[in-house]
There are 2 protein chains.
Amino acid sequence: MAADTATPSAQFDAAPLTRAATMRDVAELAQVSIASVSRVLNGLGVTSDATRQRVMDAVDQLRYVPHFGARSLSTSRIDTIGVILPDLFGEFFSELIRGMDLAARGHGQHLIISSSHDDAKDTLAAVRSMSGRVDGVIFLSPHVAAANLATEFAGRMPVLLMNAGAADAGRPAIVIDNHGGAVEAVQHLIATGRRRIAHIRGAAGNTEADTRAAGYLAALGGQEPVLVEGDFSQASGHRAATQLMALPEPPDAVFAANDMMAVGALLAFQEAGVRCPQDIAVVGFDDVPIAALVRPALTTMRVNIAEIGRRGVERLIRMVQAGQNAQPADTFCEVVRPVLVERQSTAAASTAAVNKG
Amino acid sequence: MAADTATPSAQFDAAPLTRAATMRDVAELAQVSIASVSRVLNGLGVTSDATRQRVMDAVDQLRYVPHFGARSLSTSRIDTIGVILPDLFGEFFSELIRGMDLAARGHGQHLIISSSHDDAKDTLAAVRSMSGRVDGVIFLSPHVAAANLATEFAGRMPVLLMNAGAADAGRPAIVIDNHGGAVEAVQHLIATGRRRIAHIRGAAGNTEADTRAAGYLAALGGQEPVLVEGDFSQASGHRAATQLMALPEPPDAVFAANDMMAVGALLAFQEAGVRCPQDIAVVGFDDVPIAALVRPALTTMRVNIAEIGRRGVERLIRMVQAGQNAQPADTFCEVVRPVLVERQSTAAASTAAVNKG
DNA sequence: CTGTTAGCGCCTTCAG
DNA sequence: CTGAAGGCGCTAACAG
């Protein structure tokens, strides 16, 4: 181990703290040219072992860190991707970022994020403030029409849409297969012997709600639809379930458009003495953590959020690289299928009896 | 292919898509000097209305966006703060980022985050890859000792610690008052008439667990301590509760070191026919969303995570600014107190009878 | 293998 | 009020 503070030879560099060390400082200390320093640092070109060693020593001693802005200026690379998010639900948000960050890091990219944008104006401002410092943007805000984006970014930087409803925007997108997921949920209920399946849907006008409801209707087969509207909140699920129980011909199964409403419904049934899954089966959507914690544990359609985030980042990186090579962009829409997670809330009649806690 | 480098001025802006517009392009289009463009864009110096207008028009037309790297190079500012996180629990993560992002945006700063670092090596790599592109770093990883950080960053850039246990690192920090929170939780149980209070603690060695357990012991007063160890998971809470019920003298109240263990305990009591809050009261810690959804709803110590994130960012920004003015750094430890949220799980005997669903 | 030399895009004195 | 010119730190040709 060498001396800590500066105590070099002839010339005194006793005050390196005044200013961040620069490549030139390293070059001087190592007695080489700055070009050599650059080569060593970037592993490009060829350098003698001796030179490399001297440079590395100097770097350590000076605690040199390359100036990002300068590098970016001369390479015209940013190695950063931006993510613009709406006001997202806890678990979703963190899982998404986890997946994105993992992928980004794996590709030597940084992630700069801007969250909680609940109106179009706000969102657009975030986008603007990002441009110039990111190679591309991933977009999850449902508040800005794809059209706005198109004009804002036309030919400027790659944009990947991941908002629900971006399916046919004619731009690169990754979306969750809400329709397919709903179909599978209903089919599962049918397969486990349920004969009167209701749907607690999300608010009309919400793309996700609409698509899931459409899937429900499509999968019903000959059964008569029973629809109640909620708003994705637990309370609305509770209310909806109460309505369902009051029907002259109550259902023996419920497909809720998301887990929170399903949980609300479970509580309502419990309070009313309606047993789940014996008297009524319940399926949710999303597989939020609480789905596994409620009793009975909730069967649901799991959306692998982290995976979606990872895919998004990798896709965007490809787009960025393609853009640099002036290759034609891929503007198709990638679809992610939710998978069924079976738990107690839809156990079939025979096994249902076993349900205890 | 075609190397049409020179595009004489007489022509208009037919092909600006080849390359991002630069300040020089704007200057030419607006028929002014680069300096004027800079003045207009930054609102510095003085410019005639006419000039300003011409510049703005050109900016719009060219969709000019300043090159971040170039600006950063000449101003030696980054306007970005880095956040390094461990593998965080869903809700905590998202709330924290929400608060941070809000504060950062309010100060014209960007947030670059790196998450899911579960070992020291990984964490350090993340830190390194950030240095040079952030003005300062907020640190939440418990895996890297403050000492490592100190040497890694000594005098280079401001670092704010927000990991549990950073209280006496002698560096700027913001921590949650785990001890005080635990004390308040226990006092609440005492105040509502409980006379034998057990604690389900987190794993020994975990700073948070240790501190909360210490708070429990300190608040007990004359009561005899009853300690069971868990690991912050719901399952461990379930096991711990089972152990407690098997005691010759079972407790009439439980303070769990976090909500997930409290939920596990609630389920265990429920399965065993032990009524909450009539037979036993339960308090958690954190106030995760599920705390309000379980039945009975869980009394807990709420930690305002978003607020902590906001504070952290604002503090770091102050540190950055102070550092630029070479002012003495504030290296004290800021403490955030959790607040008690009363729900059904600790209702006193008299009101407990009302509890129904 | 190594050093010299232009810029990258922008800000900022300093003259006019 | 405006323009010209130098430099921020780094990379990437191009000579030696």
Side-chain angles (χ1 to χ4, degrees), chain A residues 16 18-56 58-59 62-79 108 131-135 156-157 324, chain B residues 3 5-6 16 18-56 58-59 62-79 131-135 156-157 324:
Chain A
T18 313
R19 154 182 80 77
T22 172
M23 233 173 73
R24 197 213 215 80
D25 300 326
V26 175
E28 282 177 8
L29 215 189
Q31 307 267 45
V32 297
S33 73
I34 62 173
S36 292
V37 176
S38 177
R39 283 187 203 103
V40 171
L41 260 43
N42 296 304
L44 301 175
V46 245
T47 42
S48 72
D49 286 357
T51 300
R52 187 188 344 278
Q53 195 53 54
R54 288 225 302 285
V55 169
M56 293 311 263
V59 165
L62 264 36
R63 307 197 132 268
Y64 166 77
V65 175
H67 186 296
F68 163 70
R71 167 175 286 170
S72 161
L73 181 55
S74 52
T75 60
S76 71
R77 275 175 19 194
I78 315 268
D79 287 344
S131 46
R133 42 192 310 159
V134 295
D135 294 318
R156 305 187 60 55
M157 86 175 78
Q324 287 172 347
Chain B
T5 41
T18 314
R19 152 183 79 78
T22 172
M23 232 173 74
R24 196 215 214 77
D25 299 329
V26 175
E28 283 178 6
L29 215 187
Q31 307 268 43
V32 296
S33 72
I34 296 182
S36 293
V37 177
S38 176
R39 283 187 203 103
V40 171
L41 261 41
N42 296 304
L44 302 174
V46 240
T47 42
S48 72
D49 286 358
T51 300
R52 187 184 351 273
Q53 195 51 57
R54 289 227 300 284
V55 170
M56 294 311 265
V59 166
L62 263 37
R63 307 198 131 264
Y64 167 77
V65 175
H67 186 295
F68 164 70
R71 165 175 286 169
S72 160
L73 181 55
S74 49
T75 61
S76 71
R77 275 177 19 195
I78 315 269
D79 287 343
S131 47
R133 42 191 310 158
V134 296
D135 294 317
R156 306 187 59 53
M157 89 174 76
Q324 286 172 349

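Because only heavy atoms are used, hydrogens play no part in the values below, and waters and symmetry mates are left out as well, while side chains stay in. Owing to the predicted nature of the structure, the values given are computational and were not obtained by experimental measurement.
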Test item: B:L29 and B:Y64 side chains (from C-beta on) under 4.5 Å apart, heavy atoms: no

Rounded to whole angstroms, how far apart are CG on A:D79 and C1' on D:dT11? 14 Å

Measure CZ/A:R24 against C1'/D:dG7 and give the value in whole Å, please. 10 Å

Distance-only, no hydrogens or angles: does the B:D25 side chain make a donor-acceptor pair with backbone N or O of B:T22 under 3.5 Å? yes

Would you say D:dT2 has OP1 or OP2 under 4.0 Å from some side-chain N or O of B:S48? yes

Could you give the CZ-to-C1' distance, from B:R39 to D:dG3, as a whole number of Å? 8 Å

Once you apply a heavy-atom cut-off of 4.0 Å, does A:F68 come out as touching a base, just sugar-phosphate, or nothing? nothing

Check whether any side-chain heavy atom of B:R77 sits under 4.5 Å from a side-chain heavy atom of B:D135, and report yes or no. no

Atom CG of B:D49 to atom C1' of D:dT2: distance rounded to whole Å? 15 Å

So, do A:H67 and B:S72 sit near enough that their side-chain heavy atoms are less than 4.5 Å apart? yes

Side chain of B:A35, heavy atoms from C-beta onward: which of D:dG3, D:dA13, D:dT11 has the nearest atom to it? D:dG3

Mind checking the OG1-CD spacing from A:T47 to A:Q53? Nearest 0.5 Å is all I need. 11.0 Å

Distance in angstrom units between B:Q31 CD and D:dG3 P, rounded: 10 Å

Within this structure, what is the CE-to-C1' distance between B:M23 and D:dG3, rounded to whole angstrom? 12 Å

Sorted by position of nearest nucleotide on DNA chain D, 5' first, the leading residue of B:S33 and A:P66 is B:S33

Separation of atom CG in B:L73 from atom C1' in D:dC8, rounded to whole Å: 4 Å

Are side-chain heavy atoms of A:V32 and A:R54 found at a separation under 4.5 Å? yes

Contact boundaries on DNA chain C for chain A, cut-off under 4.0 Å to non-hydrogen atoms: C:dC1 to C:dG9

Any side-chain heavy-atom pair from A:S38 and A:M23 closer than 4.5 angstrom? yes

Report which part of the nucleic acid A:T51 touches: base, sugar-phosphate, or nothing (heavy-atom distance under 4.0 Å, all strands). sugar-phosphate

Over all strands shown, is B:V32 touching base, sugar-phosphate only, or nothing at heavy-atom distances under 4.0 angstrom? sugar-phosphate

